[in-house]
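Presented below is the structure to which this report refers.
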Amino acid sequence: MEEAKGLPVPEVDGRCRICGARTRVLRLTEFNLKLCSPCYLRFFERRIRRALEKHDMIREGERVVLALSGGKDSVALLYALKRLGVVMGFDLTALHFHLAMGDFSDRNLRLVEEQCALAQVELRVLRIGDMGLRVQRIKGWHPCAVCGAIKRALFNREAARLGANAVATAHTLEDILLFAFKNLLSRKYQLPPPVLPPENGLVRKIKPLYYMPERLNLLYCRLRGLPVFEEKCPTWSPRGHALKDVFEQMEKVIPSSKLQLALSLREILPSREPDSLNPIEPCSRCGELAAQDPCTICRLADWFAGRTSNAEITIPAPED
């Protein structure tokens with residue numbers, strides 16, 4: 001294990017809650033724990049395994065495809081799932097989207113290739129530029145919405161081609177709270193579930209980091225010596241993530257409040273019901289299953305090629 005630098009949590013003298021050793025320990029306020037570094041690594045992987053088993057996310061003999069951006073959350077999940085796959089009996093493949101953003105996307109891909117080589121995980125790369133697609137604002141839709149629509153459509157298609165039983169995303173505890181609060185502020189009383197079952201031709205979608213805070217994913221990466229892609233996307237805006245600052249302030253005032261809030265919301269708010277899904281039919285153009293015809297990918301390709309107008313483009317809202 002390489003020497004960890006720039007740890008995102010305080011390190012103090014104390015006694016490890018798990019092994020009992022008196023040494024330098026990491027203060028994990030989210031879980032009210034103090035752990036030494038070796039015990040933290042085991043604790044992190046046990047937490048992921050507990051989520052997998054509690055919500056029946058992955059079964060023995062299955063193939064899982066992980067969306068790998070190269071950031072701290074997805075690379076922590078990549079390495080943890082690879083290690084857990086050995087003991088739980090599932091196979092793992094990583095899927096990366098090259099977003100055709102010039103040198104930024106090329107640097108991103110090079111690091112993702114390094115991450116997969118280190119974890120010894122097969123990597124598949126989809127280049128959206130080869131499909132006539134790109135990430136930019138369309139008809140008032142922020143580039144992030146366009147990017148998300150492209151990724152969601154292509155993620156399920158590629159997973160089906162790979163024969164995957166489940167697709168995994170690196171949504172964190174803060175992401176779940178962000179989705180929940182945005183829904184509440186829009187008077188939508190629903191919480192993203194840890195698992196979306198396979199319905200209407202869609203592969204099962206799982207969120208193994210559902211209960212894991214972002215900074216603890218970074219801590220895992222630092223302690224394991226894993227390379228992390230830390231550049232922000234050229235289209236990134238802090239506006240959409242401002243609520244996360246509220247959650248962090250809440251955590252400082254009331255330790256472990258983020259996790260307790262998420263658990264409370266799961267008790268009082270319903271998850272999305274299966275019958276709330278839009279009907280899925282084959283696209284008349286490409287034949288891929290989609291909730292609209294033509295599908296999102298065909299519509300966007302037409303728009304970027306100048307074959308349609310702004311008025312004909314709609315970006316579907318995420319189902320998760």
Side-chain angles (χ1 to χ4, degrees), residues 1-12 14 16-19 21 23-55 57-58 64 66-88 90 92 94 96 108 111-121 123 168-177 194 206-231 244 247-248 251 255-256 258-259 262:
M1 181 170 57
E2 297 182 8
E3 181 181 358
K5 297 182 179 179
L7 295 180
V9 303
E11 190 176 27
V12 298
C16 175
R17 176 74 67 85
I18 293 178
C19 70
T23 181
R24 298 289 288 175
V25 292
L26 305 160
R27 292 181 58 190
L28 313 179
T29 59
E30 292 88 347
F31 298 103
N32 192 28
L33 288 174
K34 293 180 181 179
L35 301 179
C36 66
S37 295
C39 284
Y40 173 73
L41 294 174
R42 292 189 289 271
F43 167 81
F44 182 90
E45 291 167 7
R46 284 200 302 268
R47 292 285 304 186
I48 303 302
R49 181 170 184 173
R50 185 183 304 174
L52 297 179
E53 294 176 340
K54 177 180 179 180
H55 299 290
M57 293 184 180
I58 304 174
V64 181
L66 167 67
L68 180 63
S69 69
K72 64 185 184 308
D73 304 317
S74 63
V75 71
L77 186 55
L78 171 78
Y79 203 82
L81 286 181
K82 174 61 179 180
R83 291 172 61 86
L84 290 172
V86 174
V87 296
M88 296 178 68
F90 62 83
L92 180 66
H96 177 71
N108 192 181
L111 191 61
V112 164
E113 290 172 336
E114 180 183 345
Q115 292 167 344
C116 288
L118 183 64
Q120 297 183 317
V121 172
L123 172 65
T169 59
H171 289 105
T172 64
L173 173 62
E174 290 84 359
D175 291 324
I176 301 306
L177 291 175
I206 65 174
K207 304 180 183 72
L209 298 179
Y210 195 92
Y211 303 106
M212 189 62 66
E214 290 180 1
R215 71 173 188 153
L216 298 192
N217 297 329
L218 179 59
L219 177 60
Y220 182 81
C221 292
R222 291 281 189 264
L223 295 177
R224 284 282 183 209
L226 304 176
V228 174
F229 190 70
E230 300 191 36
E231 293 184 48
K244 289 187 177 182
F247 304 145
E248 292 308 315
E251 185 71 26
S256 79
K258 287 188 297 188
L259 179 59

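Formation of a donor-acceptor pair under 3.5 Å by the Glu30 side chain with backbone atoms of Lys258 is not found in this model. In this structure a side-chain-to-backbone donor-acceptor pair under 3.5 Å is missing from Arg222 to Leu7. Asn32 contributes no side-chain N or O that, together with a main-chain N or O of Ser256, makes up a donor-acceptor pair within less than 3.5 Å.
We find that Arg215 and Glu248 are not joined by a salt bridge, their nearest charged nitrogen and carboxylate oxygen being 4.0 Å or further apart. Taking the charged nitrogens against the carboxylate oxygens, Glu230 and Lys72 have no contact shorter than 4.0 Å, which rules out a salt bridge. A salt bridge links Glu45 with Arg224; the closest basic N to acidic carboxylate O contact falls under 4.0 Å. One finds a salt bridge joining Glu214 and Lys244 here, because a Lys/Arg side-chain nitrogen approaches an Asp/Glu carboxylate oxygen to under 4.0 Å.
Nearest heavy-atom pair across Val75 and Cys221 is CG1-SG, 3.4 Å.
Every side chain to side chain donor-acceptor pair (under 3.5 Å) that Asp73 has, sequence neighbours left out, goes to Asn217. Taking the side chain to side chain donor-acceptor pair (under 3.5 Å) definition, one finds that Glu53 meets it with Arg49, sequence neighbours left out. Contacts of Tyr40 classified as ring-ring contact (aromatic ring centres under 6.0 Å, His included), with partners at least two apart in sequence or in another chain: none.
No close placement of the Phe229 and His96 rings is indicated, their centers lying 6.0 Å or farther apart.
Looking only at side-chain heavy atoms (C-beta outward), Met212 and Leu173 stay at 4.5 Å or farther from each other.
Ring pair His55/Tyr210 is tilted by interplanar angle, where 30° to 60° counts as tilted.
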Please evaluate residues Cys36 and Leu26 with respect to the criterion side-chain contact (heavy atoms from CB on, under 4.5 Å), reporting the C-alpha separation (whole Å), side-chain torsions for both, the decisive distance (0.1 Å), and the verdict. CA-CA 6 Å; Cys36 66; Leu26 305 160; over 6 Å; no
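Lys207 contributes atom NZ, which lies 10.0 Å from atom CG of Asp175 (distance to the nearest 0.5 angstrom).
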